[in-house]
Amino acid sequence: MNHEDWKHAPASGNAISRISRLSFLLLGFATILSINGTATAQPSIGNCVLGHIAGGFGPFDYRTERNVNLTTVEQYHFTPEVENRIKGSTGTIGSDLDYTLRAFPNHHRALIAMMRLGEKLKTPQPPGARFSVECWFERALYFRPDDDIARLIYATFLAKNGRKPEAIKQLEATAKAADNNGFTHYNIGLIYLDIKDYDQALVQAHIAYGLGVTKPELREKLESSGKWKEPDEKPIKPQPEVVTQGVEAPNPNGERTLDPNNSSNEK
């Protein structure tokens with residue numbers, strides 16, 4: 001069979017089958033590309049896309065990527081005016097927070113700012129933000145499930161919206177992972193106090209103070225509510241803490257609580 005004969009020869013059944021399968025795979029690949037802009041379909045919850053958005057900057061871990069990437073994002077998008085919900089930097093406040101949280105999904109201060117912007121505007125999705133406030137928390141925890149601070153901020157959001165069972169679920173997960181981090185237990189106690197679960201607030205207070213935390217606010221609030229009790233056993237011997245967060249934690253009353261292990265003392 002010469003070259004021309006080969007070109008016009010009928011394809012065998014196996015060859016046709018292989019070509020059909022290849023065409024199907026290419027069609028599926030093209031469909032994924034047209035929907036997501038990438039070769040991988042992104043996981044989602046409803047309209048909340050959890051994975052990385054194609055064409056964006058990042059994603060970077062806020063806890064560890066303390067370099068020029070963070071400096072650049074905060075200089076142009078997460079300015080003091082944006083953080084305090086005064087005015088946007090490159091667009092609306094919501095769009096600048098959107099950019100910040102796409103680049104650093106677990107940016108703790110930006111998560112708090114997005115939550116407070118939603119509260120200020122009384123909307124679940126501030127103008128300029130492509131996702132709802134809750135979606136940004138879901139994205140943060142999908143990106144870094146071990147980020148206790150992001151989980152605590154999410155628990156605060158749930159508590160403020162009257163979703164106590166869901167808030168408790170997040171607090172229980174955080175307490176389980178906190179181990180000997182007294183600072184984390186202290187903040188868990190504050191949120192339990194905010195949702196009036198005094199028994200669990202007391203448990204977390206005993207653990208935190210037993211681990212060497214000296215901040216008096218949690219104990220004072222329990223005392224003023226008539227719920228403070230001395231621990232039945234001797235306090236847990238303080239253990240050396242491994243600093244994994246080094247950043248501020250949420251306070252149910254909107255106040256800033258700084259990690260005493262963080263020598264940088266973020267603004």
Side-chain angles (χ1 to χ4, degrees), residues 61-64 106-113 115-116 137 140-141 144-161 163-267:
D61 190 332
Y62 179 64
R63 300 168 300 174
T64 58
N106 61 333
H107 192 300
H108 305 138
R109 288 162 44 212
L111 286 169
I112 293 173
M115 176 177 67
R116 291 178 180 166
F137 288 116
L141 294 177
R144 289 294 182 267
D146 65 336
D147 191 332
D148 293 338
I149 297 298
R151 197 171 293 278
L152 282 175
I153 305 169
Y154 186 28
T156 300
F157 167 81
L158 294 169
K160 286 186 172 185
N161 284 276
R163 297 161 62 180
K164 183 175 178 179
E166 294 169 82
I168 290 175
K169 181 179 179 180
Q170 297 299 326
L171 293 174
E172 289 174 343
T174 308
K176 184 177 180 180
D179 197 20
N180 286 336
N181 189 322
F183 175 69
T184 299
H185 285 289
Y186 181 87
N187 282 285
I188 294 171
L190 285 175
I191 301 174
Y192 269 125
L193 191 66
D194 191 53
I195 61 178
K196 302 187 186 306
D197 191 334
Y198 297 111
D199 290 341
Q200 286 302 315
L202 182 63
V203 169
Q204 295 301 316
H206 286 165
I207 295 174
Y209 291 128
L211 287 168
V213 174
T214 58
K215 291 178 66 66
E217 181 186 0
L218 181 54
R219 175 171 181 157
E220 290 173 351
K221 288 189 172 184
L222 284 166
E223 287 175 338
S224 65
S225 301
K227 303 297 181 179
W228 173 259
K229 295 179 183 177
E230 294 294 335
D232 295 331
E233 301 177 357
K234 293 181 179 180
I236 302 171
K237 182 179 179 181
Q239 300 291 326
E241 295 184 9
V242 177
V243 181
T244 57
Q245 309 295 348
V247 294
E248 65 181 60
N251 183 296
N253 297 317
E255 300 169 356
R256 296 166 65 88
T257 304
L258 295 180
D259 186 337
N261 294 310
N262 180 11
S263 59
S264 63
N265 284 326
E266 288 186 327
K267 62 182 179 181

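In this chain, numbering begins with 1 at the start of the sequence shown.
Thr156 OG1 to Asn161 CG: the interatomic distance, rounded to the nearest 0.5 Å, is 11.0 Å. Between atom CD1 of residue Ile191 and atom CG of residue Leu152 there is a gap of 4.5 Å, rounded to the nearest 0.5 Å. Interatomic distance, OH of Tyr186 versus CG of Leu211, reported as 14.0 Å (0.5 Å rounding). Here the NE2 atom belonging to His108 is positioned 6.5 Å from the CZ atom belonging to Arg63, to the nearest 0.5 angstrom. A distance of 12.0 Å separates CG of Leu190 from CD1 of Ile195, quoted to the nearest 0.5 Å. A distance of 4.5 Å separates CD1 of Ile207 from CD of Gln204, quoted to the nearest 0.5 Å.
Of the possible donor and acceptor atoms, none in the side chain of Ser225 sits under 3.5 Å from a partner among the backbone N and O of Leu222. Although no hydrogens or angles enter the test, the distance criterion places no donor-acceptor pair under 3.5 Å between the side chain of Asp197 and the main chain of Tyr192. Although no hydrogens or angles enter the test, the distance criterion places a donor-acceptor pair under 3.5 Å between the side chain of Asn187 and the main chain of Phe183.
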Starting from the C-alpha separation in whole Å, work towards a yes-or-no answer on side-chain contact (heavy atoms from CB on, under 4.5 Å) for His206 and Trp228.
CA-CA 10 Å; His206 286 165; Trp228 173 259; 3.7 Å; yes
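Tyr154 places none of its side-chain heavy atoms less than 4.5 Å from the side chain of Leu111.
Nearest heavy-atom pair across Ala159 and Ala167 is N-CB, 3.9 Å. The shortest heavy-atom contact between Lys221 and Ser224 is O-OG, 2.8 Å. Across all their heavy atoms, Tyr209 and Glu217 have their closest contact at OH-N, 4.3 Å. Listed here is the closest heavy atom pair of Gly189 and Ala201: O-CB, 3.6 Å.
Residues Lys215 and Glu220 are not paired through a salt bridge, judged by the lack of any N-O separation under 4.0 Å between the basic side chain and the carboxylate.
Note: Phe137 and Phe157 have tilted aromatic rings, judged against thresholds of 30 and 60 degrees for the angle between ring planes.
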Result block: side-chain N/O donor-acceptor pairs under 3.5 angstrom for residues 168-179, not counting sequence neighbours:
{"unit_1": "Gln170", "atom_1": "OE1", "unit_2": "Arg151", "atom_2": "NH1", "d": "2.7"}
{"unit_1": "Thr174", "atom_1": "OG1", "unit_2": "Gln170", "atom_2": "O", "d": "2.8"}

